[in-house]
Visitor: 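Mind looking over this structure? Questions follow.
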Amino acid sequence: MIPRVRFAPSPTGYLHVGGARTALFNWLYARRAGGVFVLRIEDTDAERSSDAMVEGILDGLRWLGLAWDEGPKIGGEHGPYFQSQRFDRHRDVAARLVAERLAYYCYCTPEELSAKRAAAEQTTGGWKYDRTCCALTDREIASREEARMARAIRFRVPEGTTRFDDLVHGPIEFDHANIEDFVILRSDGLPTYQLSVVSDDVDMKITHVVRGDDHISNTPKQILIYRAMGAALPQFAHVPLILGPDKKRLSKRHGATSVMEYARGGYLPEAMTNFLALLGWSPGGDRELLTRDELVAAFALEGISGGNAVFNPEKLDWFNQQHLMRLAPDELALRVKPSFEAAGQWRDEFLGDRRAWFFSVLDLFRPRAKRLDDFAAQSRFFFVDTLEYDAAAVEKHLRATDMDEHLVALDAAFASLDTFDPVSIEAALRSVADARGVKAGSLIHAMRVAVTGKTVSPGLFDVLSLLGRARVRQRLAEARRVGATSAS
RNA sequence: GUCCCCAUCGUCCAGAGGCCCAGGACGUGGCCCUUUCAAGGCCAAAACACGGGUUCGAAUCCCGUUGGGGACGCCA
């Protein structure tokens, strides 16, 4: 039997990092086990669901590279994949359970229930449905039906206990005494979550239910439904939640929680998945930096730890940086392109004739970039005609004693070089420094300001070489003017 | 209030009775490299929540306490 897993988000918000990790675990499991990854949209709550949210979630999954084998857009044998299109089936199941006396009609109104609940909370503190309608005789039911009273359907919870072996937590047991007769079909005829998940998971032949820890307490209710339906149980794996730095469940007030915010923020999906995968799971040993294929190869539900995990943005940054450094050149170029375009620094020849040069420039910034857009920002001086000079830098390095003469000497030295490569340039600069009795450092700093406008850049000789002799000499001349003007 | 889950450095993990006076990573501090900033290398500080058992031996097993989280809806 091939494993079938599913990710079943409700489109009441964008894909957040917690949901993303749940999706990732499902996807990893499917890929690892040669199974099928199903995407099902749980839009039972029409009030809070919207098409925009559905698209948002799909975008998030696509960005992460978590392609689904069955689901929205692509369909599949077990569709439809929108829960709202499966209500008839849910109603059938509910009706069947009523017919089999495994569920019953409940005519209690929401008002009555909340009053009872409020009263109970005053005294005992806890409340469980009192089974008023469970005790109704056939005659009483018939008269209520005749009166067309609104009624919901409740599941008749039998006495006993339910236990299951959770793949991450091990055996978990619940006493039915703590489970009330829960509603499976609302009085408006729509199913509740408990019914629709089970019904759909059964129909979609889901073999492994991998979802958040917060569903543990729903599991016994759902198992009861599986049994009542006469369906085989899937395996359950409840993965721990992701918490904010304050140890509270991650939410908007913790900052970015939508995965698309990270996409826009210059993060690599491979870094995100690597980071998310290791939040609560470990391949064992000390391995941390893993490619997507390595994650798939190493993944096992059993390796997921039981405790909640705190989201650590600094570590995400580190993963991003590491993956940035390992990205293939053409891949990097492609990913960086949008931000170069946005900065007005893009030219198609960077993927054509100037490809080698462009890749070299990018390589200079790899160890310095944390996000994708850092490349465009930090390398800007390579792509503009007129530099913006940092005033303090100009003051400190360009207006140092005798610097103008030193620059003239450097220009001459550069002009006479056979090849304008880093090694030759460095040798030339150092010999000028020697000859003029100044420290090479002072010339290096001055040159850096001259060609980049700033005090911070990649290694100067690499920068000069890639800038090319003509532009370097041009900027040298410009720098001398800048150094001269308003020099006090 | 009831039920459930969890408990190793600040954070994420390793550890499945002796290999552990506990290992890796992020972060932090220092040093090295060095033309700046990074990256990289080296070093350091930093944890088995507590109390009982079981055992020749416990971070690892059991019980309790405490702490944290989650669930208790005609939401999902």
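Letters go in sequence order (proteins before strands), and every chain restarts at 1. As the structure is a prediction and not an experimental result, all values here were calculated from the model.
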Visitor: One character per nucleotide, please: for nucleotides 28-49 of chain B, 5' to 3', B when the base has a protein heavy atom closer than 4.0 Å, S when only the sugar-phosphate does, - otherwise.
Guide: -------BBBBSS---------

Visitor: Whole angstrom is fine here: how far is it from CG in A:Asn312 over to P in B:rA25?
Guide: 15 Å

Visitor: Nearest whole angstrom, please: distance from the P of B:rA76 to the CZ of A:Phe182.
Guide: 13 Å

Visitor: Taking only residues two or more places apart in sequence or in another chain, which ones pass ring pair (Phe, Tyr, Trp, His ring centres under 6.0 Å) with A:His215?
Guide: A:Tyr193

Visitor: Taking B:rG18 as the reference, what is the distance to B:rU55 when you measure between their C1' atoms (whole Å, please)?
Guide: 12 Å

Visitor: Charged N to carboxylate O below 4.0 Å: is that the case for A:Lys454 and A:Asp390?
Guide: no

Visitor: Which residues satisfy the ring pair (Phe, Tyr, Trp, His ring centres under 6.0 Å) test with A:Tyr107, sequence neighbours excluded?
Guide: none

Visitor: Roughly how many Å is it from CZ in A:Arg211 to P in B:rC5, rounded to a whole number?
Guide: 15 Å

Visitor: Distance check, P atoms only: B:rG73 and B:rG53, in whole angstrom units.
Guide: 42 Å

Visitor: Between A:Arg86 and A:Asp203, is there a side-chain N and carboxylate O pair less than 4.0 Å apart?
Guide: yes

Visitor: Work out how far the P atom of B:rU60 is from that of B:rG15, and round it to whole angstrom.
Guide: 15 Å

Visitor: Under the side-chain contact (heavy atoms from CB on, under 4.5 Å) test, which residues partner A:Glu314, sequence neighbours left out?
Guide: A:Asn312

Visitor: In whole Å, what separates the P atom of B:rC12 from that of B:rA58?
Guide: 28 Å

Visitor: Taking the basic N atoms (NZ, or NE/NH1/NH2) and the acidic carboxylate oxygens, is any pair closer than 4.0 Å for A:Arg151 and A:Glu145?
Guide: yes

Visitor: Are any of the side-chain nitrogens in A:Arg163 or A:Glu173 under 4.0 Å away from the carboxylate oxygens of its partner?
Guide: yes

Visitor: Send over the distance from A:Trp281 CH2 to B:rA14 C1', rounded to a whole Å.
Guide: 13 Å

Visitor: Going by side-chain contact (heavy atoms from CB on, under 4.5 Å), name the residues that satisfy it together with A:Ser305, two or more places apart in sequence or in a different chain.
Guide: none

Visitor: Answer yes or no: does a side-chain N or O of A:Ser305 lie under 4.0 Å from OP1 or OP2 of B:rC13?
Guide: yes

Visitor: Is there a Watson-Crick or G-U wobble partner for B:rA71 with both distances under 3.5 Å, and which nucleotide is it?
Guide: B:rU2

Visitor: Please tell me which of A:Val168 and A:Asp188 maps to the more 5' nucleotide of RNA chain B, matching each residue to the nucleotide holding its nearest heavy atom.
Guide: A:Val168

Visitor: For B:rA58, which nucleotide is its Watson-Crick or G-U wobble mate, given both distances must be under 3.5 Å?
Guide: none

Visitor: I'd like to compare against my own output: the B/S/- annotation of nucleotides 59-73 of chain B with a strict under-4.0 Å heavy-atom distance to protein.
Guide: ----------SSS-S

Visitor: NA contact type, A:Glu314, heavy-atom cut-off 4.0 Å: base, sugar-phosphate, or nothing?
Guide: sugar-phosphate

Visitor: Can you tell me the Watson-Crick or wobble partner of B:rA25, both distances under 3.5 angstrom?
Guide: B:rU11

Visitor: Do NZ/NE/NH1/NH2 and the carboxylate oxygens of A:Lys370 and A:Asp317 come within less than 4.0 Å?
Guide: no

Visitor: Taking any heavy-atom pair under 4.0 Å as a contact, classify A:Gln378: base, sugar-phosphate, or nothing.
Guide: nothing

Visitor: Which value, in whole Å, describes the distance between the P atoms of nucleotides B:rA49 and B:rU11?
Guide: 12 Å

Visitor: For nucleotides B:rA47 and B:rA59, find the distance between their P atoms and express it as a whole number of Å.
Guide: 15 Å

Visitor: When rounded to the nearest Å, what value does the distance between C1' atoms of B:rA38 and B:rA45 take?
Guide: 25 Å

Visitor: Determine the Euclidean distance between corresponding P atoms of B:rA16 and B:rU34; express it in Å to zero decimal places.
Guide: 43 Å

Visitor: Just to verify, what does A:Lys396 make a side-chain contact (heavy atoms from CB on, under 4.5 Å) with, not counting sequence neighbours?
Guide: none

Visitor: Whole angstroms only, please: what is the CG-P distance between A:Asp286 and B:rA14?
Guide: 10 Å

Visitor: Roughly how many Å is it from NE2 in A:His90 to P in B:rC74, rounded to a whole number?
Guide: 18 Å

Visitor: Identify, with sequence neighbours excluded, every residue that meets ring pair (Phe, Tyr, Trp, His ring centres under 6.0 Å) alongside A:Phe319.
Guide: none

Visitor: Who passes side-chain contact (heavy atoms from CB on, under 4.5 Å) against A:Asn178, sequence neighbours left out?
Guide: A:Asp175

Visitor: Rounded to whole angstroms, how far apart are CG on A:Asn274 and P on B:rC13?
Guide: 14 Å

Visitor: Measure from CG on A:Leu276 to C1' on B:rA25 and round the result to the nearest Å.
Guide: 17 Å

Visitor: So A:Ser187, base contact, sugar-phosphate only, or nothing? Heavy-atom distance under 4.0 Å.
Guide: base

Visitor: For RNA chain B, which residues in residues 149-164 of chain A have a heavy atom at a distance below 4.0 Å?
Guide: A:Ala152, A:Arg154

Visitor: Paired with B:rU35 by Watson-Crick or G-U wobble geometry, both distances under 3.5 Å: which nucleotide is it?
Guide: none

Visitor: List for me each residue that meets ring pair (Phe, Tyr, Trp, His ring centres under 6.0 Å) alongside A:Phe155, sequence neighbours excluded, and say none if there are none.
Guide: A:Phe182

Visitor: List in chain and number order the residues that pass side chain to side chain donor-acceptor pair (under 3.5 Å) with A:Asn320, two or more places apart in sequence or in another chain; answer none if no residue qualifies.
Guide: none

Visitor: Using Watson-Crick or G-U wobble geometry with both distances under 3.5 Å, which nucleotide pairs with B:rG51?
Guide: B:rC63

Visitor: Determine which nucleotide pairs with B:rC19, using a 3.5 Å limit on both distances of a Watson-Crick or G-U wobble pair.
Guide: none

Visitor: As a test of reading the structure: which of B:rC74, B:rC12, B:rG23 is closest to the side chain of A:Leu279, going by heavy atoms?
Guide: B:rC12

